[in-house]
Amino acid sequence: MAKRDFYDVLGVTRSASADEIKKAYRQKAKQLHPDRNSDNPNAEAQFKEVNEAYDALKDPEKKAAYDRFGHAAFEGGMGAAGQRGARGGMHPGNGDFGSAFSDVFEDLFGDFMGGGGGRGGARQRASRGSDLRYNMRITLEDAYAGVQKSIRVPSLASCDACDGTGAEGGAEPVTCPTCSGMGKVRAQQGFFTVERTCPTCGGLGQIVKNPCKVCKGAGRVEKERTLSVNIPAGVETGTRIRLSGEGEAGLRGGPAGDLYIFIDVREHPIFQRDGHDLYCRVPISFGTATLGGEVEVPTIDGGRSRVKVPAGSQTGKQMRLRSKGMPALRGGTHGDMLIELSVETPVNLTARQKELLAEFESLSEHNNPEGQSFFSKVKSFWDGMKG
């Protein structure tokens with residue numbers, strides 16, 4: 001069966017531009033893809049026909065040969081165009097799917113894969129800058145009250161001399177002659193087409209004819225910036241604060257990345273934190289633990305609170321001060337402050353203190369005969385061991 005006219009296959013006129021041909025191919029490729037037409041037995045043949053047509057018309061030299069000789073331009077022994085096609089691998093009659101479809105693969109599926117539409121060079125020309133990380137250590141008091149800090153951040157900033165273009169005087173870069181702005185070049189190896197990054201432009205699709213003398217054509221220079229960072233009350237170790245647009249400058253005028261501040265709260269000599277609650281270990285005297293009384297304890301806000309200690313308190317007893325802990329990061333409630341008592345044993349006693357304690361011990365034994373009997377038995381046991 002005679003081949004259909006390539007222009008008719010794509011549904012365009014002979015005067016159609018390269019963009020119009022590509023747009024028509026994209027529509028046909030989507031419409032006739034075999035995966036979308038499993039119930040159409042002719043879909044695969046039609047899909048190959050569309051690829052064959054686009055492979056011939058996308059290349060200016062192939063298109064010119066087709067316009068002059070028709071299908072004969074790609075058949076061996078049919079004049080200069082046919083001979084060049086045989087040597088150079090111009091065989092649209094084979095339906096070179098890899099070559100044709102790769103041109104629009106990223107256009108069809110670019111959004112799904114994380115890329116953008118359009119030509120490869122146009123996508124990469126203006127690329128987003130890298131994100132930066134800054135580790136900040138603050139005190140527990142700063143985490144409680146919130147604080148504003150100034151930081152110095154070294155990063156790549158847009159070059160002022162060339163406005164980030166990389167070209168002297170701020171001139172616009174020009175299309176790379178090697179890849180024609182695609183950012184990629186292809187090489188035919190047998191039945192396969194190998195695609196690689198353009199060695200001339202590094203995949204950007206553009207080159208700078210007269211590089212900026214300040215940034216050497218990079219469009220960015222290293223600078224150290226001073227930023228003011230607002231640390232909200234309630235942060236804890238691991239909290240991440242995002243400063244939009246404060247990362248590295250984008251390439252070729254692209255948007256800047258973000259700066260992420262990672263918080264690390266130093267350990268406190270008095271308080272231990274558990275979520276929104278604070279723990280504080282408070283020493284009390286033997287007399288206060290026995291008779292009861294009041295102790296004054298520090299609070300994280302810099303103040304002091306008086307706490308009543310009940311008589312007979314033991315080491316490890318906990319008491320709670322409501323709303324004296326850390327604030328919630330999103331505002332509203334505060335945690336509690338938990339006080340753990342620690343009874344201190346008196347040391348370096350005077351003779352009178354020892355006398356009074358001995359009297360106290362004697363009275364304790366007198367008032368507690370069961371305890372006295374127990375200690376007498378222990379003493380007899382150790383005396384027996386010594387004998």
Side-chain angles (χ1 to χ4, degrees), residues 114 126-164 166 214-216 218-282 297-305 318 320-340:
S127 58
R128 183 179 181 274
S130 300
D131 293 334
L132 297 178
R133 170 174 177 155
Y134 186 93
N135 297 326
M136 177 183 290
R137 299 198 73 189
I138 62 173
T139 63
L140 188 62
E141 288 83 357
D142 288 340
Y144 171 81
V147 67
Q148 193 161 18
K149 295 275 190 179
S150 291
I151 61 175
R152 299 176 69 86
V153 182
S155 66
L156 291 175
S158 179
C159 177
D160 295 331
C162 64
D163 294 328
V214 177
C215 65
K216 304 298 188 293
R220 301 183 296 184
V221 293
E222 289 189 5
K223 286 185 179 180
E224 187 174 67
R225 296 173 295 148
T226 300
L227 301 175
S228 181
V229 183
N230 182 40
I231 308 299
V235 296
E236 57 186 324
T237 295
T239 298
R240 187 181 70 171
I241 300 173
R242 175 174 171 261
L243 300 183
S244 180
E246 296 295 349
E248 287 190 348
L251 193 62
R252 298 287 190 268
D258 299 331
L259 174 64
Y260 290 91
I261 309 294
F262 283 79
I263 301 299
D264 178 26
V265 181
R266 295 190 184 98
E267 290 187 4
H268 198 277
I270 298 176
F271 301 105
Q272 290 80 45
R273 181 178 183 176
D274 183 11
H276 296 154
D277 295 334
L278 292 176
Y279 289 82
C280 177
R281 190 178 180 89
V282 178
V297 297
T299 53
I300 189 63
D301 59 3
R304 302 185 78 83
S305 294
Q318 288 189 348
R320 184 183 296 268
L321 293 180
R322 298 288 181 183
S323 301
K324 288 294 184 178
M326 299 294 291
L329 182 58
R330 299 291 182 262
T333 61
H334 280 65
D336 299 332
M337 177 175 167
L338 298 173
I339 299 170
E340 183 176 303

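Just so you know, these numbers come straight off a predicted model, no measurement behind them. Numbers here are sequence positions counted from 1.
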Going through the distances and angles, do Glu246 and Leu227 end up as a side-chain contact (heavy atoms from CB on, under 4.5 Å)? CA-CA 9 Å; Glu246 296 295 349; Leu227 301 175; 3.6 Å; yes
Given Ile151 and Ile261, is the side-chain contact (heavy atoms from CB on, under 4.5 Å) satisfied, shown in steps? CA-CA 10 Å; Ile151 61 175; Ile261 309 294; 3.7 Å; yes
If you apply the rule side-chain contact (heavy atoms from CB on, under 4.5 Å), what do you find for Arg128 with Asp258, and how did you get there? CA-CA 10 Å; Arg128 183 179 181 274; Asp258 299 331; 3.2 Å; yes
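For the residue pair Leu329 and Ala233, the shortest heavy atom distance occurs at CD1-O, 3.5 Å. Of all the heavy atoms in Tyr144 and Pro327, the pair that sits closest is O-CG, 3.4 Å. Ile270 and Cys280 make their closest contact through CG2-SG, 3.7 Å (heavy atoms, listed as atom of the first residue, atom of the second, distance). Counting all heavy atoms, side chain and backbone alike, Met337 lies closest to Pro298 at CE-O, 3.0 Å. A pairwise comparison of heavy atoms in Gly245 and Ala256 identifies O-CB, 3.6 Å as the closest pair. Nearest heavy-atom pair across Cys215 and Gly166 is SG-CA, 4.1 Å.
Heavy-atom neighbours of Glu267 CD from other residues, nucleotides or ligands within 6.0 Å: at or below the threshold of 12. No more than 12 heavy-atom neighbours from other residues, nucleotides or ligands sit within 6.0 angstrom of CD on Glu222.
To the nearest 0.5 Å, atoms CG (Asp274) and OH (Tyr279) are separated by 5.0 Å. Distance check: Leu140 CG to His268 NE2 gives 5.5 Å after rounding to the nearest 0.5 Å. The distance from the CD1 atom of Ile231 to the CG atom of Asp142 is 9.0 Å, given to the nearest 0.5 Å. Atoms CG and NZ, from Asp160 and Lys223 in turn, are 4.0 Å apart once rounded to the nearest 0.5 Å. Rounded to the nearest 0.5 Å, atoms CD (Glu141) and CD1 (Ile300) are 4.5 Å apart. Distance check, rounded to the nearest 0.5 Å: CZ of Arg133 to CG of Leu259 gives 11.0 Å.
Screening residues 320-337 for side chain to side chain donor-acceptor pair (under 3.5 Å), with sequence neighbours left out, gives Arg320-Asp336, Arg322-Asp336.
In this structure Ala143 satisfies the side-chain contact (heavy atoms from CB on, under 4.5 Å) test together with Ile138, Val235, Val265, Arg273, Met326, sequence neighbours excluded. Scanning for salt bridge (charged side-chain N to carboxylate O under 4.0 Å, His left out) contacts around Arg137 gives Asp264, with sequence neighbours left out.
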